[in-house]
Amino acid sequence: MDTSSNTPSNFIRAIIDEDLATGKHREIVTRFPPEPNGYLHIGHAKSICLNFGLAKDYEGTCHLRFDDTNPEKEEIEYINSIIEDVHWLGFDWGEHLYYASDYFEQLYGFAVELIKQGKAYVCDLSAEEIREYRGTLTKPGKNSPYRDRSVEENLDLFARMRAGEFEEGSRVLRAKIDMTSPNVVMRDPALYRIRKVEHHRTGDEWCIYPMYDFTHCLSDAIEGITHSICTLEFENNRPLYEWILDQVYPEPHPQQIEFARLNLSYTMMSKRKLLDLVNRGIVQGWDDPRMPTISGLRRRGYTPASIRDFAERIGVAKANSIVDVALLEHCVREDLNKTAPRTMAVLRPLKVVIENYPEGQVEELEAANNPQDPDAGTRKIPFAREIYIEQEDFMEDPPKKFFRLAPGREVRLRFAYFITCTDVIKDEDGNIIEIRATYDPETKGGSAPDGRKVKATLHWVAAEQSLPAEVRLYDHLFTKEDPNEGDVEENLNPNSLETLTEARVELNLATVEPGDRFQFERQGYFCVDQDSTKDKLVFNRTVALRDTWAKVQNQ
RNA sequence: UGGGGGAUCGUCUAAUGGCAGGACGGAUGACUCUGACUCAUCUAGUCUAGGUUCGAAUCCUAGUCCCCCAGCCA
């Protein structure tokens, strides 16, 4: 039974519950079967969480299997990244790491068996001819002239295909099913093709490679997979999946179940198009923090827990849909709110000189590391006569609802003092370059003994006693909810990356390491980038805090 | 035009003939040393038309719209 009470039900769980209840299976075995031809993205994460999650909840097993039957597109680099990403997401396959290429010899045996049964034949038609013979969606196909070769001849030809006697593309092994089937997939599909290409695992051992349809069902069967979960576009292939197993593999057979792949608003999910973004230099690489890849999300600062939570919340169904990226952002905020230490960083600094604060004096103030988590403790931050606040936290002529700093107005500096703006200093062009203020020594720590309140609390850093930093602000890569509509180029968001080079951060951040995550108070969640060094700190904004003031402003 | 699937608040997803529920988003308010968090209230949906039934998102009939399939890719 389903032992997980907090995971919402879905149609796949219903099938599993039924199979367990009727005794069809005693335990379940699933698998995640990536082709190592690219990096994993958030859509794969949905599948990973589904398959590994099911195995975990039902106390079954989930295999990681590389579907490596097309040596032309596949690379070791991708295998390594996939292994890293699945692990990072928090899943473990134990000893169940498999490669379809490990089954090549067995697969060959099944093909021979099929030939012996008279259900497969070597076809000498060219690729183009095969297409012509296949017919169309509305017109039936016609039989290949090679369809009725004898078993002996087929056996001989297939062996010689393997032996490398024939040119690439000169022959294929085909299943003998039904050229008039209304399902095009069943019109004598190719099972093996000749490719004289080095395979990243089997080297030059093979020059014939099995097709997906032949490989996948048999690999599932060999591994004892009970529920073979894949995406909707394979629905048409299911009859072939079952046909192949029916011919050559003893029961019980794995059951293929299809679900709708993930689409995210403002996000591109196709591997081909993502590769294109990388190749054209539109993004910096597969792990560019704007990419929906697992490695991009990791570099952006997303947590594995937040992605797992997301995968659970979006559910599993058969209807095509586009999930609002705001849900993903909500998930990471929720996770980071509980776990990320707070710190103060001023992204666009504006100097404030506190006129009645003694020159040269520096005092240490105590700040909570995470108000959501008392166990996170406190830290000391230096306060001095000259500090920086955020440019947007001051307005000379504030509108009604603005309650941050303005001439004559008093606000709180977080964990520090109340200050009152006394003067505004501008350059020749009228730009505000400095604020003059006074502080109330009685308000040390941030509260007034007389009980008076201030409307706003600002974050700040001491001017001298702070560190310079580069901060990278990210936004959606595309301006359109569905970037697949229309031209990719035109849908690109020109402001998907804004680099701030003048930011100042707390002295406490001197020792951070790449991957460390923080909340910059009142700003958002940030993560130390891999480009960061001791001399040049670099932070990525994972996601901004919700900002109701920004909404008010936009009205 | 053949075949295979799908349609429930703006979005995602439950409800398996018996009160259409949850989450995100949005709105309003409370709280607040983060305009954050939290909390409260509100918002808003069964593709259409018939039928069966005491009762239909669910069953039947007829439509409509959307997705997938004609690689020696997966």
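Residue numbers start from 1 in every chain, and the chains themselves are labelled A, B, ... in the order their sequence lines are given, proteins ahead of strands.
- B:U43 sits 35 Å from B:U52 when the P atoms are compared, rounded to a whole Å.
- For A:Arg414, no side-chain nitrogen or oxygen approaches OP1 or OP2 of B:U32 to under 4.0 Å.
- Residue A:Arg522 places at least one side-chain N or O under 4.0 Å from the OP1 or OP2 atom of B:G35.
- In this structure, A:Trp549 packs face-to-face on the six-membered ring of B:G35, meeting both the 5.5 Å centre cutoff and the 30° plane limit.
- Remark: A:Arg238 is not in phosphate contact with B:G3, judged by side-chain N or O atoms under 4.0 Å from OP1 or OP2.
- Under 4.0 angstrom from either OP1 or OP2 of B:G71 there lies at least one side-chain N or O belonging to A:Arg131.
- Contact check, A:Thr69 against B:A74: a side-chain N or O comes under 4.0 Å of OP1 or OP2.
- Considering only side-chain N and O atoms, A:His459 lies nowhere under 4.0 angstrom from the phosphate OP1 or OP2 of B:U34.
- Phosphate proximity of B:C69 to A:Arg187: absent, as no side-chain N or O sits under 4.0 Å from OP1 or OP2.
- Between A:Ala260 and A:Lys444, it is A:Ala260 whose nearest contact on RNA chain B lies nearer the 5' terminus.
- Atom CD of A:Glu366 is surrounded by more than 12 heavy atoms from other residues, nucleotides or ligands within 6.0 Å.
- Heavy atoms from other residues, nucleotides or ligands lying under 6.0 Å from CZ of A:Arg162 number more than 12.
- Remark: the separation of the P atoms in B:C47 and B:U11 is 13 Å, to the nearest Å.
- Within the structure, every side-chain polar atom (N or O) of A:Ser321 is placed at least 4.0 Å from both OP1 and OP2 of B:U11.
- A salt bridge is defined here as a Lys NZ or Arg NE, NH1 or NH2 lying under 4.0 Å from an Asp or Glu carboxylate O, and A:Arg149 with A:Asp124 meets this definition.
- A:Arg261 has no side-chain polar atom (N or O) that falls below the 4.0 Å cut-off from OP1 or OP2 of B:C68.
- Each of A:Leu347, A:Val352, A:Val346 was scored for a side chain to side chain contact (heavy atoms under 4.5 Å, CB included) with A:Pro349, with one residue passing: A:Val346.
- Distances shorter than 4.0 Å separate none of the side-chain N or O atoms of A:Arg171 from OP1 or OP2 on B:C72.
- A:Arg333 has no side-chain polar atom (N or O) that falls below the 4.0 Å cut-off from OP1 or OP2 of B:U34.
- Straight-line distance between the C1' atoms of B:U46 and B:G6: roughly 15 Å, to the nearest whole Å.
- Across the strands present, B:G2 finds its partner in B:C69; the criterion is a Watson-Crick or G-U wobble pair with both atom distances under 3.5 angstrom.
- Nucleotides B:C59 and B:C69 place their P atoms 28 Å apart, quoted to the nearest Å.
- Between the C1' atoms of B:A27 and B:C9, the separation comes to 15 Å (whole Å).
- Comparing the C1' positions of B:C60 and B:G2 gives an interatomic distance of 26 Å, to the nearest angstrom.
- Distances shorter than 4.0 Å separate some side-chain N or O of A:Lys551 from OP1 or OP2 on B:G26.
- B:A57 and B:G17: their C1' atoms are spaced 11 Å apart (whole Å).
- Counting heavy atoms of neighbouring residues, nucleotides and ligands inside a 6.0 Å radius, atom NZ of A:Lys196 exceeds 12 of them.
- B:A7 and B:U1 have their C1' atoms separated by 23 Å, given to the nearest Å.
- Side-chain proximity of A:Ala317 to B:U13, B:C69, B:G25: nearest is B:U13.
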